[in-house]
Amino acid sequence: MSIGKEYKPDEVEAYWVETWGRAETFQAQPDSAASPFCMVIPPPNVTGELHIGHVLVYTLHDIVARWRRMQGRDVLWLPGTDHAGIATQMVVERELAREGRTRADLGREAFERRVWEWKETYGDRINGSLRRLGASVDWTRERFTLDQGLSRAVRTVFVQLYRDGLIYRDRYIVNWCPRCHTALSDLEAVHESESGKLWRIRYVDPTGSPGVVVATTRPETLFGDTAVAVHPDDPRFQAFIGKHVRVPLTDRTVPVVADSFVDPTFGTGAVKITPAHDPNDFHAGRRLNLPQIVALDSHGKMTEAAGSFCGQDRFEARRQVVEALAEAGLLEGVQEHALAVARCQRCSTVVEPHVSDQWFVRVAPLAEPAIQAVESGSIRFVPDNWAKTYFEWMRNIHDWCISRQLWWGHQIPAWHCQQCAAIQVTESAPSTCDRCGGSVVQDPDVLDTWFSSALWPFSTLGWPDKSSDLARYYPTDLLITGHDIIFFWVARMIMMGLRFMGDVPFREVYIHGLVRDAQGQKMSKSKGNTVNPAEVQARYGTDAVRFTMAVLAAPGNDIPLAPERMEGYRAFANKLWNASRFVLLKASTEETAGAVDSCEPPFAERWIRSRLQVVIGEANRSLESYRFDRAAEALYHFVWGEYCDWYIEWVKPDLAEAATPAQRMRARATLVEVLGTALRLLHPFMPFVTAELWRLLPDSPGDVATAPWPTVDPRWIDPAVDAEAILVQEIIAGIRNVRAQSNIEPGLKIEVLLRVRDAEQAAIVARHVDLIRPLARAGSVRVITGELPTAGVARGVVRGVEIAVPLAGLVDVEAERSRLRRDLDKISKEIITRAERLEDPGFCMRAPPAVVEKERLTHRELAARADRLREALSQLDVGGAT
RNA sequence: GGGCGGUUAGCUCAGUUGGUAGAGCACCUGCCUUACACGCAGGGAGUCGCUGGUUCGAGUCCAGCACCGCCCACCA
């Protein structure tokens with residue numbers, strides 16, 4: 001076995017990606033007696049690339065998966081990809097555009113074939129990235145939202161919901177993207193605040209009165225006006241209600257109607273009603289039985305209804321209409337006006353309210369039980385404040401427009417009769433119309449991508465068949481996802497799961513933050529601050545990237561990803577590597593001895609084992625509550641701050657020639673055992689380096705991924721030992737501090753004198769002189785019972801233990817004086833605050849006696865120490881003078 | 001308009017039940033000490049957003065304010 005000075009992630013990762021990729025390590029074991037633990041992956045876009053946000057989610061998933069697996073659970077982490085309707089179609093259309101073609105040139109079938117080719121070509125990229133991340137998914141159960149099984153699930157759900165009256169078709173005003181040429185759901189129309197204008201336009205009364213001035217942000221839609229509305233109680237307009245006014249630039253007149261939805265305080269108090277181009281007006285139109293006039297077509301261009309403006313783009317038309325109004329003397333004013341513009345989530349085109357035939361899910365009846373499930377605790381959000389967001393949305397939910405005028409997706413299982421226009425909704429194509437016998441044609445629309453995603457937790461497990469996987473793994477245990485898709489995905493999975501499985505789709509939902517850049521800015525391609533996963537994995541190692549994600553994943557917080565953090569955890573991986581290197585070099589000896597068990601565990605061993613139990617407990621508690629950050633931090637601190645910084649240093653003498661064989665064996669065994677446990681604890685976070693090191697351990701115990709998860713052995717927990725070790729460590733640090741502050745040559749062996757507070761401390765120091773001496777680079781360490789010498793020494797104090805290093809002639813008098821003064825200053829301030837507290841009768845009477853007593857003791861001690869410092873200072877002056 | 005978060009060291013953030021403010025990074029100083037310079041040792045650094053209240057005692061509990069962020073929304 002050879003192990004280099006540097007951890008080289010690329011070689012190690014390549015080996016393990018290969019090993020884990022071909023082995024069946026991560027295949028679920030449905031026949032095992034182990035209790036199942038299931039997660040479904042939030043499916044990435046099949047033609048997309050893994051971005052840094054995926055790295056976060058999948059790292060968190062994998063931590064849980066590996067941890068649960070090591071705990072002995074039968075883990076199923078099910079992988080798969082999403083067909084991602086609009087997104088994918090756009091990508092392929094863009095490719096076509098480069099060839100100078102459109103999807104219309106190809107026709108639907110050829111276009112669909114083209115997208116499938118894309119999927120075959122690029123679908124593997126995402127899986128390769130997932131492998132390189134170390135994701136321990138069950139590849140034998142991989143799914144795709146458009147594969148046969150899932151498509152059948154989609155059709156089954158659609159048909160059932162239709163028969164239950166929860167899916168309906170309506171000619172309705174929807175969000176329409178004129179560029180993508182499809183309807184969008186409310187969620188896919190993203191509102192952005194922009195500055196616009198509010199125009200005041202006069203609608204004259206043909207009978208002669210001045211008419212009514214309306215306020216609008218969209219003058220170009222006036223060609224679609226079919227009424228002007230005012231508030232029924234608005235005194236300004238009483239005379240006009242029921243009369244007709246002329247729509248500017250046209251010959252049409254429309255009635256002035258009264259409706260209480262009009263806000264008399266806004267604008268002029270009168271509003272034009274354009275039922276075909278404004279959601280509000282659409283409803284008003286339905287209420288008031290107004291006709292619809294379509295002034296804008298599905299491409300956002302003016303129709304013939306706009307007369308001479310016909311064919312113009314909507315924004316151009318707006319300019320020209322305003323101009324024409326001004327010329328006609330009908331423009332009464334214009335003002336700046338902040339408005340929320342809805343844009344297409346995919347292409348940012350301004351969304352147009354558009355009346356068309358669409359399919360909808362009646363959501364309210366589905367939402368009710370979904371709210372219940374979270375209220376009752378059947379589903380738990382982590383952190384739980386996300387439940388509020390969920391409730392807020394669910395309680396105000398609107399029907400969901402699920403039809404898209406796209407070609408890539410699940411075609412709606414509805415057939416239209418070409419003769420009688422009857423609609424049949426069935427899972428497979430009927431041969432003829434069941435009403436008139438005419439020929440039928442399938443509805444051309446496809447379903448919103450999120451429709452199939454909503455079924456993911458059960459469709460992937462075999463539903464609608466009663467598969468054994470479904471029986472064993474549904475409900476899944478945990479869903480990990482971002483808050484940005486709580487409405488898109490989480491809520492809908494809950495509704496569909498409850499409806500079709502009669503049970504929740506998952507018991508817990510962990511909501512992670514968004515990955516941002518080091519300055520906390522949102523990452524975006526346009527800002528150029530994105531982080532490429534493959535790049536950082538190559539630079540820092542996958543384990544470092546993963547560990548960074550884990551340690552930054554504080555619940556409720558976004559993840560500011562700074563390169564320095566990844567550098568830091570690359571160093572940690574290297575530290576672990578080198579600590580292991582030390583252990584392995586010491587352990588790979590020919591020496592064998594049997595007497596290990598018979599000798600008492602030395603103090604350092606008792607300490608590190610005690611600390612180990614504590615960190616195991618901490619890791620467990622943290623993981624149970626999804627505090628990935630705490631678990632990672634605890635492990636980092638244990639490995640680096642305790643195992644490496646103290647235990648390895650303390651144990652070195654036991655490994656030396658001068659030690660007994662039994663001491664050496666004991667030390668080696670402990671080093672290996674504690675390291676092995678640390679490797680197992682770290683494995684979920686840093687799978688590669690831990691797997692490699694575990695493989696190199698003596699007697700090569702197999703794959704760490706299937707090694708048992710450590711459990712706390714309470715017999716080793718010893719708070720007294722912990723406390724004792726802390727005192728010893730602080731004394732060492734105190735001596736080092738004296739050395740550094742007094743500019744004592746690093747290599748020089750010094751004499752150390754200690755004045756302790758009590759017999760207990762004296763005993764502790766006496767017991768551990770051998771632990772103090774080498775780390776303090778001291779030739780001798782002596783406990784003095786009387787006063788410490790005040791002249792010719794460098795001194796310090798820690799936890800009531802006063803330290804003096806006699807160094808005749810070597811003491812830097814100036815440095816020592818300023819140091820003593822600083823100490824005295826600090827202590828004096830502390831004495832004052834404590835004295836004030838003790839003089840406060842309120843404190844003495846009301847605070848618990850123990851607290852008061854402790855305060856009094858500390859005060860006395862500090863005062864005594866201040867005296868000694870003053871003494872030392874005066875002596876220093878005397879000594880310095882000589 | 002409604003809702004949800006946040007404000008603690010130069011940066012990013014921890015701070016469990018109120019009891020002398022922490023970590024990582026950055027910074028300064030000294031060390032190639034025989035696992036590791038991706039390292040070792042030491043150090044400096046904070047009016048815990050503001051104002052009031054409860055309390056012997058508030059970063060922590062309460063109220064108000066300020067600023068910042070996010071989400072939802074059919075006020076033209």
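To find a chain, count down the sequence lines: A is the first, B the second, and so on, and within it residues start at 1.
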* To do: Tell me, please, whether A:Tyr643 has A:Lys575 positioned over its six-membered ring: NZ or CZ under 6.0 Å from the ring centre and within 45 degrees of its axis?
  => no

* **Residue-phosphate contact under 4.0 Å: A:Arg395 side-chain N/O, B:G2 OP1/OP2** => no

* Asked: For the side chain of A:Asp186 and the backbone of A:Trp400, is there at least one donor-acceptor N/O pair under 3.5 Å apart?
  -> no

* Any donor and acceptor pair, going by atom type alone, linking the side chain of A:Thr226 with main-chain N or O of A:Leu290 inside 3.5 Å? -> no

* Quick one: A:Asn385 CG to B:G69 C1', roughly how many Å, whole number? -> 15 Å

* Tell me which nucleotide among B:A76, B:C72, B:G42 gets nearest to the side chain of A:Phe261. => B:A76

* When the C1' atoms of B:C28 and B:A9 are considered, how many whole Å apart are they? -> 15 Å

* Report the distance from atom NZ of A:Lys388 to atom C1' of B:G6, rounded to the nearest whole Å. => 14 Å

* Can you tell me the distance, in whole Å, between the NE2 atom of A:His354 and the P atom of B:C74? => 19 Å

* To do: Look at the side chain of A:Pro560 and decide which nucleotide, out of B:C74, B:G42, B:U12, has an atom nearest to it.
  => B:U12

* A:Ala740 side-chain proximity, nearest of B:C72, B:C25, B:G42 -> B:G42

* A:Arg287/A:Asp259 ion pair, N-O < 4.0 Å -> yes

* Asked: Is the backbone N or O of A:Arg739 less than 3.5 Å from a side-chain atom of A:Ser742, with the two atoms forming a donor-acceptor pair by type?
  -> no

* Gap between atoms CG and P, on A:Asn280 and B:A76 respectively (whole Å) -> 9 Å

* Asked: Would you say B:C72 has OP1 or OP2 under 4.0 Å from some side-chain N or O of A:His191?
  -> no

* Asked: Okay, side chain of A:Asp399, backbone of A:Val363: is any donor-acceptor separation there less than 3.5 Å?
  -> yes

* **Distance, rounded to the nearest Å, where A:Asp558 contributes CG and B:C68 contributes P** => 18 Å

* **Pair A:Glu220 + A:Arg218, salt bridge at N-O below 4.0 Å** => yes

* Please state the C1' separation for the pair B:G18 and B:G57 - nearest whole angstrom. => 8 Å

* Base partner of B:G69, which must satisfy Watson-Crick or wobble distances under 3.5 Å -> B:C4

* In whole angstrom, what separates A:Asp263's CG from B:A73's C1'? -> 15 Å

* Please tell me which of the listed nucleotides, B:A14, B:G19, B:A76, lies nearest to the side chain of A:Arg627? => B:A14

* Does OP1 or OP2 of B:G15 have a side-chain N or O of A:Arg630 closer than 4.0 Å? -> yes

* Assign a letter to each nucleotide of nucleotides 34-39 of chain B from its 5' end: B, base within under 4.0 Å of a protein heavy atom; S, sugar-phosphate only; -, no contact. => -BBSBS

* Over how many whole Å does the gap from A:Asp186 atom CG to B:C72 atom P extend? -> 11 Å

* To do: Quick one: label A:Phe282 by what it contacts on the DNA or RNA (base, sugar-phosphate, nothing), any heavy atom closer than 4.0 Å.
  => nothing

* Asked: Are the side chain of A:His277 and the backbone of A:Ala295 linked by a donor-acceptor contact shorter than 3.5 Å?
  -> yes

* **Short side-chain N/O contact to B:G43 OP1/OP2 from A:Asn737, under 4.0 Å** => yes

* Asked: Counting side-chain heavy atoms from C-beta on, which of B:G30, B:U55, B:A76 comes nearest to A:Pro746?
  -> B:G30

* Structure fact -> B:C40 -> Watson-Crick or G-U wobble partner, both distances under 3.5 Å, gives B:G30

* Calculate the interatomic distance between A:Glu194 atom CD and B:A73 atom P; express it in whole Å. => 17 Å

* To do: Quick one: label A:His337 by what it contacts on the DNA or RNA (base, sugar-phosphate, nothing), any heavy atom closer than 4.0 Å.
  => sugar-phosphate

* Pairing partner (Watson-Crick or G-U wobble, both distances under 3.5 angstrom) of B:U17 -> none

* Asked: Does A:Arg630 pair with A:Glu633 as a salt bridge, N-O distance under 4.0 Å?
  -> no

